[in-house]
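These notes are about the structure you will find just below.
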Amino acid sequence: MRRIVVCLALAACGRETPPQPQPAPATGIAFTDITAACGVDFVHDAGKTEAKQLPETMGAGAAIVDVDEDGDLDLYFVQSGPLPIPGTQRAADRPTNRLFLNDGKAHFRDATKESGDGAQSNYGMGVVCGDANGDGHVDFYLTNLGPDALLFGDGKAHFRDATAQSGITGDEWTMGAAFLDADDDGDLDLFVATYVAIDLAHPLWCGERKPGWRSYCHPDAYPGLEDHFWKNNGDGTFVEATKVAGFSDPGGKGLGVAASDLDGDGFVDLYVANDSTENRFYRGKGDGTFEDATLRSGLGVDRFGRTEASMGIAIGDVDGDGKLDLFVTGFDDESDTLYLGLGSRGFDDRTVAAGLEAPTMLPVGFGCVLEDFDLDGDLDLAIANGHILDNIELYNDGKTHAQRALLFRNDGQGHFTSIDGGAFTASPFVGRGLYMGDLDGDGAPELVLTQCNGPARVFRAPHPGTPSLTLRGLPRNSRGGSRESGAQSSYLGQSADEIYLPLPAGPLQRLELAFPGRAGRQTIALDPPIADGVLVFRGEPGALRVEQRGR
Amino acid sequence: MIALLLALFLALDARTLWQQGAREEAIAERAKELAAPGAQAELRLELARWELAVHRPEAALGHLAPLGKEADALRGEAHYALAQYEQAAPLLDEASVEHQLMKIDALEALGRLAESDAVLARALAAAQEGDARLWSAEGRRLARVGDSAQAVAAFRKALAQDECAGEAWFGLGRALLAAGRDEEGLQALEHHRKLTPLLDQWDFARRAVDLAPLHAPNLAALGDAERALGRLSRAAELYARAVEFAQGAEQLVPIALRQARLYAEDEHDAQGAIERLEQAAKRAPDARLFVRAGDLALEAKDTARALELFERAQKLRPQDAEIQKRLARAREAK
């Protein structure tokens, strides 16, 4: 899909130039844990066994999305549960995925029972959201250890399982996924990353053969699998088009997926974070086909040329040069990696210069979010950490299963400093998914963290006091400030499709949108000027309408 | 004096355990020894080395605590393993290439690039023949400051030292692309792409050997990885060690078959392969070993020996149709 909004210029009253970011305060960002108070009591069940099967280590994802179309962000958590071991009977009381509806002030009620087929009870992994059937309502694609599921939403928090009619088949172990309009035909196609082939009926033994020392096997012990691309017929049914579209990675072990115009050429690209095999960068041509541009891009390996156990992905312009950058989390003894976008010269691993090498070397990173948590005009970074091995202490006395999350403040130039994140960084978690969204509607995004075999956590961000603008409903892959809409995939889930922009210089009176190659430019007058609130976009690119909402 | 003799006797015991691959037991034994009066600093240093080898840097730091400067280098290694680079950098010993590389990496991770570059410059100046890893680091430094042409030269020097240096192939490809030499750059990156899974396999196998150095399947897996990288003499050495430490036919037979494959297919030494299969068969009489040896003898036109080997296989598996076919073929050839 041709990128619709190339730049979004903000014009404030009495000013000709965009407002300048405020200097960042030196202190941390004191997130508070509001899990209990907000009514979210989801606990992930990994279905742990004595056999130490690899799926038990992966955790599961969540989505922050407005499923009942009441203007606030709801939460959907993916559950795993007992392993679907061939030859064993499926328990009737398997735990289900759960839906929590928001009252607009970050108070949630469990709406799983009313969600119809939203209460899936597979061994779940991930969730991505998008309007797959073009009816204007949010749908879910769920990846599983076993057959995936496509759920059509009705905009009233109720879902119908449409998998059987969708044309999507297969029972491989899938992980990350992304909706994208690859061929610019106005509907959402689907890319699904598969992980490894595993025989649950015949588990391998890894680690030492001493009581308590049995360990989870490294993914190298299992063969990787080809990812899948499904082309939408326009009505929420799909045809397999992996090879036709140009995707090929037969030994890949895909975890994270992000669809984004990473090279800035106006077409959506695809990035696949592989676990211990080379990551893949597929350059979109806009016609539904892609070319493997991994080698030239520099995005396949780290700066030493090493493959990494890549997990989660976050995308944004961290150094304010207008080009998108890419952050990927990884295993212990290898840092997470920040690739800076260099335009026509591809990408370069600048983890060291960004100050992210040393602090991310020891933890195992999973979910990650680039967001302007302090509303100072640049993207900060949050990372959920947690080791795979629940007995790692036996194998390395400097490592732990539960690990502290990390929060970094950006100085605006793409250099990050580790800061105190209050409750978010105070205690160790077995972190997996990490997602952001303004759950209480105050203009500052909250964080939701999922744990492997443990309770999910919700962290409220303190409002920095800066007036801000929330952009909601921008067409997918459009740019707003440092972020691209719809591109925050993290690990196995999806953050809110919202963009938060500080407005420190007073009310905004117009928005100027640019649409390369399509509808040209569009200027939207804001009458009255908006000083702090929400802009909800509707309509087609080039003919977008905007509705103002207060907080 | 008695305490010292006792300590030495016990030290030998812990060391023997270590040499036998009983690493946990050796460490536990040595820790007990250190509680005895008069325990030598050398024993403590050795314990810390063992602990570092089995990924126990915290324990190593604890055991090094009573020691003075003589323990600084090991302290540096332990801090490095814990990603405590501020503490590690001043303690690492620049006289060793391994520590030079750690120090370069630690300072780089801290963003102290000028200091990292200075250590690298000293290391390169001191190196007699150079080291592929140091030359790769120099290539990365040059690429970082935008000197693509010199970076290309440095990566080529690394590859002259070690043609399997993945970092150098990747750096070379990137530097060539930056220099506008796209075709060459992509060729180097393609080579790196092919090499990478082999290096990953090698790294995975190496880590397993670190944890259990006398476990025959681990040694053989590392041998496989070395063979895949084309480092045949290292592979042969590892297979030989794996055969030496293999316990029972279940471990020995598959390893001996891989060892024979290296001799037959890579070294083109069918005789050497057959000899090794026969040696293994003395320890673990197994039809698969005789069948493979017979096949090799047949390929080498030594039909009499092939016949003899197939007959030995048949004794072990009288009803095996495949062996009978081979016997018939050998008799026909004779």
Side-chain angles (χ1 to χ4, degrees), chain A residues 206-210 213 215 217-221 224 251 276-278 292-298 300-309 332-335 342 344-363 392-400 415-416, chain B residues 24 51 54-62 78-86 105-106 108-113 116 133 136-137 140 143-144 165-174 177-178 182 185-190 192-193 195-197 199-201 203-205 207-208 211-212 215:
Chain A
C206 291
E208 296 200 34
R209 289 184 182 265
K210 294 190 288 190
W213 284 69
S215 183
C217 293
H218 190 280
D220 280 2
S276 74
T277 63
E278 185 187 47
D292 183 344
T294 309
L295 292 185
R296 192 180 280 278
S297 71
V301 290
D302 71 0
R303 69 183 189 284
F304 299 103
R306 295 178 306 207
T307 57
E308 298 184 294
D332 58 8
D333 298 326
E334 61 187 32
S335 73
L342 306 175
S344 61
R345 290 185 294 129
F347 290 80
D348 200 30
D349 175 349
R350 298 282 176 85
T351 314
V352 167
L356 295 170
E357 179 85 358
T360 64
M361 184 60 78
L362 215 51
I392 183 62
E393 295 89 344
L394 294 175
Y395 287 92
N396 189 315
D397 72 358
K399 296 174 183 172
T400 54
H415 188 271
F416 293 85
Chain B
E24 291 293 322
E51 286 170 330
V54 295
H55 311 295
R56 292 186 180 177
E58 294 277 13
L61 283 171
H79 285 300
Y80 179 83
L82 292 163
Q84 294 165 350
Y85 300 130
E86 290 279 3
D105 190 47
E108 194 177 304
L110 292 167
R112 289 156 58 179
L113 299 179
S116 173
R133 295 164 298 174
S136 288
R140 276 193 294 109
R144 182 186 357 113
E167 182 184 355
W169 279 110
F170 178 71
L172 177 64
R174 297 285 293 165
L177 285 182
D182 285 19
L186 288 172
Q187 272 176 8
L189 291 171
E190 282 287 0
H192 171 259
R193 176 177 264 184
L195 194 60
T196 297
L199 290 170
D200 286 348
Q201 181 193 352
D203 190 51
F204 186 61
R207 287 168 193 253
L211 283 172
H215 185 53

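All heavy atoms count here, side chains included; hydrogens, waters and symmetry mates do not. A note on names: the letters A, B, ... follow the listed sequences, proteins ahead of strands, and every chain is numbered from 1.
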Task: Taking every non-hydrogen atom, the tightest pair across Thr196(B) and Thr307(A) - done: CG2-CG2, 3.3 Å
Task: chain B contact via Ser344(A) - which portion, at a heavy-atom distance below 4.5 Å - done: neither
Task: Residue part contacting chain A, namely of Pro197(B), when any heavy atom lies under 4.5 Å - done: neither
Task: Over all atoms of both residues, closest heavy-atom pair of Glu58(B) and Gly398(A) - done: CG-CA, 3.9 Å
TODO: Would you mind checking which part of Asp348(A) comes under 4.5 Å of any heavy atom in chain B, side chain (CB onward), backbone (N, CA, C, O), both or neither?
DONE: both
TODO: Go through Gly251(A), Gly298(A), Gly305(A) and name the one with the most non-hydrogen pairs under 4.5 angstrom from chain B.
DONE: Gly305(A)
Task: Heavy-atom pair count under 4.5 Å with chain B, highest-scoring of Asp220(A), Leu295(A), Thr294(A), Asp332(A) - done: Leu295(A)
Open item on the list: For chain A, which candidate among Leu199(B), Val54(B), Asp200(B) shows the most heavy-atom pairs at distances under 4.5 Å?
Closed with: Asp200(B)
TODO: Tell me, for Gln84(B) versus chain A, whether the close heavy atoms (under 4.5 Å) come from the side chain, the backbone, both or neither.
DONE: neither
TODO: Heavy-atom distances under 4.5 Å only: say whether Lys399(A) touches chain B with side chain, backbone, both or neither.
DONE: neither
Task: Under 4.5 Å from any heavy atom of chain A - which part of Leu82(B) - done: both
Task: Contacting moiety of Leu61(B), where chain A heavy atoms sit under 4.5 Å - done: neither
Open item on the list: Strictly distance-based, threshold 3.5 Å: is any side-chain N or O of His218(A) a donor or acceptor partner for the main-chain N or O of Phe204(B)?
Closed with: no
Open item on the list: I need the minimum non-hydrogen distance between Arg296(A) and Arg174(B), along with the two atoms involved.
Closed with: O-NH1, 3.4 Å
TODO: Please report the closest heavy-atom contact between Ala83(B) and Ala358(A), naming both atoms and the distance.
DONE: CB-O, 4.5 Å
Open item on the list: I need the minimum non-hydrogen distance between Ala109(B) and Glu357(A), along with the two atoms involved.
Closed with: CB-CG, 3.4 Å
Open item on the list: For a 4.5 angstrom cut-off between non-hydrogen side-chain atoms, does Arg144(B) reach Arg303(A)?
Closed with: no
Open item on the list: Heavy-atom cut-off 4.5 Å, strictly under: side chain, backbone, both or neither for Ser276(A) against chain B?
Closed with: backbone
Open item on the list: Quick check on Asn396(A) against chain B: is it the side chain, the backbone, both or neither that has a heavy atom closer than 4.5 Å?
Closed with: both
Task: Contacting region of Arg56(B) [heavy-atom separation from chain A under 4.5 Å] - done: both
Task: Minimum-distance pair of heavy atoms, taken over all atoms of Phe170(B) and Phe304(A) - done: CD2-C, 4.3 Å
Task: Under 4.5 Å from any heavy atom of chain A - which part of Asp203(B) - done: neither
Task: Contact class of Ala212(B) relative to chain A, heavy atoms under 4.5 angstrom - done: neither
TODO: Let me know if Arg350(A) has heavy atoms under 4.5 Å from chain B in its side chain, its backbone, both or neither.
DONE: neither
Open item on the list: Side chains of His192(B) and Val301(A), heavy atoms from C-beta outward: is any pair under 4.5 Å?
Closed with: yes
Open item on the list: Tell me which of these, Lys210(A), Glu278(A), Met361(A), has more heavy-atom pairs under 4.5 Å with chain B than the rest.
Closed with: Glu278(A)
